Structure formats: structure tokens, C-alpha cells
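I have placed the structure first, in the form of C-alpha cells, so that the comments after it can refer back to it.
No experiment lies behind these values; they were computed from the predicted model shown.
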Amino acid sequence: MPDSARPPRVAIVTLGCGRNEVDSANMAGMLSASGFELVEDPEVADAIVVNTCAFITAAKQESIDTILAAIDLKSASSEHELAGDVSVEAAGRESIDPLLAAADLKERGKASTVLVTGCLAQRYTRELRDELPEADAIVPFADYGRLPELLRSRLPNRAAGTLGPGPDGAAGGGTAATLAPPPAGPAADAAPPPPLVPVGRRALPLVFPAPAGEAFPARPAPAGPVALVKLAEGCDRDCSFCAIPSFRGRFRSRRPTEILDEVAWLASRGVSEVGLVAENSTSYGKDLGGREALIRLLRDLAGIEGLRRVRLNYLQPDEITPGLLEEMASNPVVCSYFDLSLQHVSEPILRRMRRGGSSRSFLALVERIRSLDPDAAFRSNFILGFPGERHADVRELEDFLEAARLDWVAFFPYSGEDGTSALQLDRRVAARTARARLERVQELQERVLAEVQRAWVGRRLEVLVERVEEDGTAEGRSFREGIDSDGVVRVERAATRPGDYLKVEVIAAEGPELLARRVTA
């Protein structure tokens, strides 16, 4: 529990995608600048912030489980069941488990406060308030600037004098009706403080003003050589299976100067690889005068001292221009790594998804990229069991996977999401059928991956070391492996440390891992 001898400890539990990781970094920076101590272990925290995901049913379940587990660290009863729109049935087990873990910590009296943020909090604000009273606040995007204030008001025995103001000198304003009510008192009727992000400033919900004397969004100092940086927020696409635009809002690009300042600050503190993330990175700049802004941004990033890799994530195939492909192929710091959002390859299914493309056009795109760089790496994801999917559509996907030889592929069974138009489609595919199809294409892709990996045996790569084991084996990634998403390269007896770049020769392939030895020439 917090006392006057130390600042309150806060643990942030992050679920979901890389965009959420950036959001949590910004939260951590804001809380640290406001006088809180950030800790990794929720077991030793006075307060837990659960940053949730609501992308698909499984992600919602994972989020709810985490919240409930944090609450269990706070008090005495661990029996919880959520109903309505965020019920266990609606949300799925994978999201609910982490919420349960947060609840458990609260119930055992280790953490006194649990705040819920993220997509689940935005999408189901009122439902969570009604069904999860043990959470001290359900905090939607508009109220993120109030996190320091909310924590101060809810932590017992807080040392108020040790907690300074937020990064701009005041806690941000918000929509009080969406939050769990604060303790009663004379201040309850006081006028709300000014917003953390000034009115009219082009800022994202989780990108906060820079601390005094700094020109970057508030975030903690990096802990390693790799960091994620957000390009934009929201999405303007109308995919029939996706609810993200309904709670993340319209697409908004960050100003290039903000991004460049943030990356330069990270590079000055030891980060040499940056992953650029957004709901849709290829839309970057369309609200700033045109998509050429992304090409100009990549060129400007190449001039930042200490930056050796830029990885561009979440590319929409119908928005990829020849100019962007050429820039990615020729820019010395941009990884030849193409994270293509394909979802399916059958034209009838893609049209039902409200997406463009086809097996033929996607294969042509892959071939075009390989004409620029034969070693280019590819990642994508596909949905199996979408309404109307036939055996012929699955066979077409299998043929595409055989021909395209993608490096990294993830498969998901279709998940009907609240508020999406796909819920109204006919010819539903049984869950058992969807799962069988997924397992079949997954087995095929595993065979493809094994062949792709074996083709690198005997070849050389440059590996960024991210971890060194006690026996001296280094683990890292080359240009081919994305951040926290793909395989790794393990280097025997490397005599190195995290942050180093090693020239290696691949000696074996084991599933998603490459085994290598260090070379000097």
C-alpha cells in the first residue's frame, strides 16, 4: 500500500496489438512525470491499469479475465460473472482471463486500485461500469488525460505532496459521467481542470504533450534497443467484420515533426530499431496533404543518428503505391519487411468483407516486391469461416499460400463482432467447420515456412541482439522477423550484449527459429 515514504507504484498490463503497447508507453510516461513509480510486477503494485483489447471475441475475453484477476488482488471475493454485451459468452475466454488476474490481485489486498482503459473500456464503458463495480474506474479514450488525477483520488493513504502535476502542469479534463464516481467531498463540485491536450491541438488520444524542455510525446525511457512509435490513430475503412472504426474513430495522422522528434529522442537513448504502427499505416498523410507524406517521413527517418532499422507495419495492399515500394526497397534503414493486411484471397469473400483485391492481384503484388528485393520478407493474416466461405474459397487460399511463399502467417476463425455489418450476412459457417479449415491451412503454411526457413541455411544475416542467455546464446532478429510477432534468430556463444548487431551465418532451421553462428568477415 502507498505511504508517505515512497511514491505510489503502478503496474500497466497491456493486451492486444502494438498500438496498445504504444498507448501504454504514453500512459507510463504521463504517470511517471506525475510522480508515480512504474513497476512491471502487478503483485507489488498499489494500483493496476489494464489496457484492454476488443478486436475479436478472444481478445475481449482475455481483457476481461485480466481485469478480474487484478481486482482479486484488491479485496475478498473472487466470484465474478459478466453479463450483457461483455458477458463471458460474448467476450470469449482469452480476453476475460487477464481481467480475472487483475481482479484477483485486488481481492487479495495487494493492489488497492484497478483502472480499466483501452478498446474494451471505450467500446463497453457503461456495461463494464454496471457489471464490474470492483473496478475503480472505466476510463475511455477521452479521459486518459485524467489518469494521474483518478489514481490520486483512489489510492488510500496517498502521499499527496509527493505527487506532482501531469506533464502540462494539470490533469486533463474528461467525461466524468463515464467514470466510476470519485470519493465524496468538497472537491466533487469543483470545476473540471483544463484538458491535458489543449483544444485544437492535433494529438491522438494517447499522445500527450511533451514534458518541459523535451520535444517528444511523454513516454518512459526505453528499456532496450527496440521501440514502437504510432503513426496515426483510427481507421476510415469499412471492413464488414471489423468494429475498430466504431470506437477508435476516424483516421488521424500525427504530424511528421512529432514522429521525427519522438524517434530522434528514442535513438538518442539507445533505440536502433523502430516499428511504425497504426490501424492502417498506408493511409498515413492522407489528411495532411497526401500519401507522399509517408515516403517523405521514411526519408527523413533515414537521417536520424543512431537509427539503423525502421519497420513499417500494417500495410493495406490496395493503398500501396509504386513509390512506396521503391522507397522501402532503396531506403537504407527501412526493413524489406512487408506486413500485408490480406484477410482472404477469394474475390467473393473479399467483397463480402468490403475489401478489394484477389488472389491474382495479391500474388502480383508479392512478385512486384520480390522483383525489387528477392529476399523481401512477408507477413500476413487470414480469416477462415467468414459467412459464405465455400470449400472452393479455402482451396484458392491454399493455392495462394503455396505460390506466394509468405514467411509469417497468422490465421483466425471468423468472430462476429457487435455493430459490424457481417452479422447480417447469410450462409454462416459452423464454428467446427471454420476450425477444421483453419487447422488445414495452418498445417500447409507450416510446411511452407519450413521450406522458406531451410532456404536461409548457409546464408548470412545481420541480427539485432535483444537477449543473451546465461550460456552465452544470443537471441535476436534480422530484417525478416517482426517485433514480438514472428520467429527469432539464436546465435551460439555470441559473446555479445543486447543492442549489438551481429553478422551471422545460418546453420540450421527449427520451425520459426533460425540457428546461427557469428562470423567476422
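Counting heavy atoms from C-beta outward, I383 and M353 have side chains that approach closer than 4.5 Å. Contact annotation: the side chain of V345 approaches that of F362 to within less than 4.5 Å [non-hydrogen atoms, C-beta and beyond]. Between S336 and D375 there is no side-chain heavy-atom pair separated by less than 4.5 Å. R379 is not listed as a side-chain neighbour of L406, based on a closest heavy-atom distance of 4.5 Å or more. You'll find the side chain of V229 reaches within 4.5 Å of the side chain of R254, heavy atoms only. Side-chain contact between H344 and F386: absent, with no pair of heavy atoms (C-beta onward) separated by less than 4.5 Å. Between Q343 and N381, some side-chain heavy-atom pair lies under the 4.5 Å cut-off. Taking 4.5 Å as the limit, every side-chain heavy atom of E262 sits out of range of all side-chain heavy atoms of K230.
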Hey, mind stepping through E273 and R308 against salt bridge (Lys or Arg N to Asp or Glu O under 4.0 Å) and telling me if it holds? CA-CA 6 Å; E273 178 176 338; R308 295 182 60 167; over 6 Å; no
side-chain hydrogen bond (donor to acceptor under 3.5 Å, both in side chains) for Y501 and S272? Distances and angles first, verdict last. CA-CA 10 Å; Y501 283 79; S272 63; 2.7 Å; yes
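Nearest heavy-atom pair across N331 and A302 is OD1-CB, 3.5 Å. Between K286 and S253, the shortest heavy-atom contact is N-OG, 4.4 Å. Taking every heavy atom of both residues into account, G357 and L350 meet most closely at O-CD1, 3.4 Å. Closest approach of T117 and N51 over heavy atoms only: OG1-CA, 3.3 Å. The heavy-atom pair separating V468 from P498 by the smallest distance is CG2-CD, 3.9 Å. Of all heavy-atom pairs between A376 and I369, the closest is CB-CG2, 3.7 Å.
For the atom pair R493 CZ and E469 CD, the distance stands at 13.0 Å (nearest 0.5 Å). Atoms CZ and CE, from F36 and M27 in turn, are 14.0 Å apart once rounded to the nearest 0.5 Å. Put simply, CG on L325 and OG on S330 are 10.5 Å apart, with the number rounded to the nearest 0.5 Å. Expressed to the nearest 0.5 Å, how far CD of E481 lies from SG of C335 amounts to 10.0 Å. To the nearest 0.5 Å, atom CG of residue D339 and atom CD of residue Q316 are 10.0 Å apart. The distance from the OG atom of S283 to the CG atom of L231 is 11.0 Å, given to the nearest 0.5 Å.
In summary, R480 and D407 engage in a salt bridge, as defined by a charged side-chain N under 4.0 Å from a carboxylate O. Between E233 and R252 there is no salt bridge, since no side-chain nitrogen of the basic residue lies less than 4.0 Å from a carboxylate oxygen of the acidic one. Salt bridge E492/R517: absent, no basic N to carboxylate O contact under 4.0 Å. Using a 4.0 Å cut-off between a side-chain N of Lys or Arg and a carboxylate O of Asp or Glu, E462 and R477 do not qualify as a salt bridge. Checked for salt-bridge contact, E319 and R237 meet the test: a charged N lies under 4.0 Å from a carboxylate O. Salt-bridge annotation for R518 and E505: absent, with no side-chain N of the basic residue lying under 4.0 Å from a carboxylate O of the acidic one.
Between the side chains of T473 and E475, no donor-acceptor pair is found at a separation under 3.5 Å.
For residues 316-342, the set of pairs meeting the ring-ring contact (aromatic ring centres under 6.0 Å, His included) definition, not counting sequence neighbours, comprises F338-F378.
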Result block: side-chain N/O donor-acceptor pairs under 3.5 angstrom for residues 294-301, not counting sequence neighbours:
from: R299; atom 1: NE; to: E327; atom 2: OE1; distance (Å): 2.9
from: R299; atom 1: NH2; to: E327; atom 2: OE1; distance (Å): 3.4

